[in-house]
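As the structure is a computational prediction, the values presented were derived from the model and not from experiment. Quick note on labels: first sequence line is chain A, next is B, and so on, each numbered from 1.
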2 protein chains.
Amino acid sequence: MASPVSPTRNHAADRRRPGAVSIREVAQRAGVSIATVSRTVNRIPSVNPELARRVWQAIDEVGYLPNTQARALVSGRSRMLGLIVSEITNPFFPELVQEFENLAVAQGYEVFIGSTNYDPVRTESLIRRMLQRSVDGVAVMTFGIEEDLVQKLVEREFPLVFVDAGPDLPNIRVLKVDYGEGIRQGVQHLAALGHRSIAFITGPLYMRSAVARRDAFVKSMAEIGLTAPAEHIVEGTHTMEGGIAGMERLLALTELPTAVMCSNDMTAIGVLHALFRTTHKVPEEISVVGFDDIHLAQFALPPLTTVQMSCKDLAAAAVEGLRAGIEPDHSRAATKQWRIPTRLVVRQSTAFPRGTLPALMQNALRVPRSGGVK
Amino acid sequence: MASPVSPTRNHAADRRRPGAVSIREVAQRAGVSIATVSRTVNRIPSVNPELARRVWQAIDEVGYLPNTQARALVSGRSRMLGLIVSEITNPFFPELVQEFENLAVAQGYEVFIGSTNYDPVRTESLIRRMLQRSVDGVAVMTFGIEEDLVQKLVEREFPLVFVDAGPDLPNIRVLKVDYGEGIRQGVQHLAALGHRSIAFITGPLYMRSAVARRDAFVKSMAEIGLTAPAEHIVEGTHTMEGGIAGMERLLALTELPTAVMCSNDMTAIGVLHALFRTTHKVPEEISVVGFDDIHLAQFALPPLTTVQMSCKDLAAAAVEGLRAGIEPDHSRAATKQWRIPTRLVVRQSTAFPRGTLPALMQNALRVPRSGGVK
DNA sequence: AGAGTTCGGGGAAACGATTACCAGAAATAC
DNA sequence: GTATTTCTGGTAATCGTTTCCCCGAACTCT
């Protein structure tokens, strides 16, 4: 018969990357069956310790890494978590992504990140991609109203985590951010300094969280007997550009407010920019408050007083919420809501209103190097 | 006795998510074999158009989505690209990630993002995770020297893309950023304004790109007959904190430079912050130039003059470079190096040196040629 | 018309894991 | 000493695809 027969079929095995080892090689080397290797790797207690030792040694020697795809295929679980954010380029989200990823990886999950860019078409494609990769659950951290868009995930009973609100279904958990408390602290801080005329630049009002923040502002103002006139509440976009545009609208008013609160830090940074362009001094002439407390906030000029929403807390709750939905005997499987606190962080973008007596004391805060201010 | 026989075995099929459909259901519904469905989905031209039509219709009716894991398992290709960045929280990277992702998705790839956070242990684990998920290739966009860390990828002959430099192997492509041209433009811009005393805050010098940027600065200075004294070149960290620290060291000098160039924009933002704290005016008293041109740069106070390195170009080259390595008949399979251009973007953080007046009056005034040409 | 060629599509073998089931060996019971 | 139970580890089925191989039908050519 012919010489040792070259394999005629071109199977995946031939395409395997050099150095890639399968469970079979380990089994052969350790002199056991592949079942035993699998059991050893998955730490099934019934394997003989001596065999286990041999298996681990073989694994080490050949550099075996279990193939996640194969594992996922048979187990029906991919150990991947989807994380949907609005825009990865908005500095708030990378911080969240980072925390989320750290926690997920610590629990043995991989993260499938995607951003909607506020585009329904893109979002739909994103969800299809997540379905195809069969993620185990998805955290929808867009702070928006995407329930119709994630309908496919809901139908298929994926464990889901939403922020602020979501359908009340067994597999769905909601992270309730306490916008009220932090914003109240912000308003009261400004009021305590003597501000009465406080404007608010919102986020895009199709976002649930933007509405919630605005409402929290109005409510906090009312609590201390203040009402902002309609023209002092302007809609922004949660971007620097939106902050600039919003501030420009406020600057065009006959009566300029003495303080501006913003629905997020990016907006506040835009506001600072607009005020810089028009040579208004912050905080001497106008105070500015942000929301989120992104890392950048402390490096704004001046460093931004802002309401902190801990993205560590948010990420931790998201991961735990997903795990609770995925792992049948998770300790908090029954928890349906997770509260996320907020609090004020005072920096240097807030001060007494312009033209008030304590203004003298402001000079103590910033000492001009030499000469006077121009 | 129990009612109609519950299935005794607990197979993955039982764990399948509601609504998940496999190729078999499609085949049955269309009245063809699964092979034909597969061929249709993969657009193999040999299938009868009439059958194909029936298959597509069935796919549509049952909402079939091919399972990527199974596909990857048999084909040996996961259609996932690894993307390794230094720190996702550094605003430069999200912009890169975004572009990379858009391009990759357009080509039918998914992106596996990971950040090293400059931690070798974390990096190693990241690479192990990428190996397990069997990515098709990896773009190492850390701008650092990670060759030893990605050794495992090199050994296994993964298609790789590096920035600046990498081993000369068949599967490896290198993106050569032209640091020289942009930095030269920056130096000449400052010199044209009349600056002679220009400092430079580097990135961390274990990063290849940080060294390259510094060298480009020194070279550009030399070209126009200037040499920066040693104390005018201080090492930073490519972060805002590093920019602050670096600027503080410069401020402590007896002879303050009239302009500061920075190895990246984050450093420059830190510098602006440090100058603000010490009430130095930018650009009246000191000019500042950044590098990268991140989105934030135009919102700095004042808007930052900077050297643009297009992360669109970078991302495009990375994706194409990987595809060239992965897809056997890619048009640019032979290309080993991809040049990334840079160019100066002038905004408002640069001006005439302090103590000089605009050009028309300069002749009348003393121009401090500190040291002159040696 | 018969013999050779295409050609399209179905059956079945992979891919690399997990795990139900079962066969022996060892341990225990009588 | 035999019968029964317990235990351990191997065999094989399975996940959802891709793709090789082959069979039968339809052509082509003399």
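One atom, CD of A/Gln132, and another, C1' of D/dC15, lie 17 Å apart when rounded to the nearest Å. Spacing between atom CD of B/Glu50 and atom P of C/dG9 amounts to 10 Å, rounded to whole angstrom units. Atom CZ of A/Arg79 and atom P of C/dG16 are 22 Å apart (whole Å). Atoms CD1 (A/Ile34) and C1' (C/dT19) sit 11 Å apart, rounded to a whole Å. The CZ-P distance, from A/Arg24 to C/dA14, rounds to 10 Å in whole Å. Rounded to a whole Å, the CD atom of B/Gln69 is 10 Å from the P atom of D/dT17. Nucleotide D/dT17 holds its P atom 10 Å from the CD1 atom of B/Ile59, rounded to whole Å. D/dG10 atom C1' lies 8 Å from atom CZ of A/Arg39, rounded to whole Å.
Scanning for side-chain hydrogen bond (donor to acceptor under 3.5 Å, both in side chains) contacts around B/Gln28 gives an empty result, with sequence neighbours left out.
The side chain of A/Tyr64 has C/dA17 as its nearest neighbour among C/dA17, D/dT17, D/dG10. Closest contact between the side chain of A/Val47 and the listed nucleotides D/dT17, C/dG9, D/dG9 involves D/dG9. Checking C/dA17, D/dG16, D/dT8 against every side-chain atom of A/Asn48, the shortest atom distance belongs to D/dT8.
There is no side-chain donor-acceptor pair under 3.5 Å between B/Ser78 and A/Gln69. Looking at A/Asn102 and B/Arg122, their side chains do bring a donor and an acceptor atom within 3.5 Å of each other.
As judged by a 4.0 angstrom heavy-atom cut-off over every strand, B/Ser38 is placed among the base-contacting residues. At a threshold of 4.0 angstrom between heavy atoms, the contacts of A/Leu51 are confined to the sugar-phosphate backbone, with no base atom among them. Residue-level contact check: B/Leu65 touches the backbone only, with heavy atoms under 4.0 Å from sugar-phosphate atoms and none from bases.
Within the 4.0 Å cut-off from OP1 or OP2 of D/dG10, at least one side-chain nitrogen or oxygen of A/Thr36 is found. B/Asn67 has no side-chain polar atom (N or O) that falls below the 4.0 Å cut-off from OP1 or OP2 of D/dC15. The side chain of A/Ser33 contributes an N or O atom lying less than 4.0 Å from OP1 or OP2 of D/dG10.
Between the side chain of B/Asp119 and the main chain of B/Val121, a donor-acceptor pair closer than 3.5 Å is present.
Nucleotides of DNA chain D nearest to A/Ala35 and B/Arg71 differ in position, and the one nearer the 5' end is that of A/Ala35.
Note that CD1 of B/Ile113 is 9.5 Å distant from CZ of A/Phe112, once rounded to the nearest 0.5 Å.
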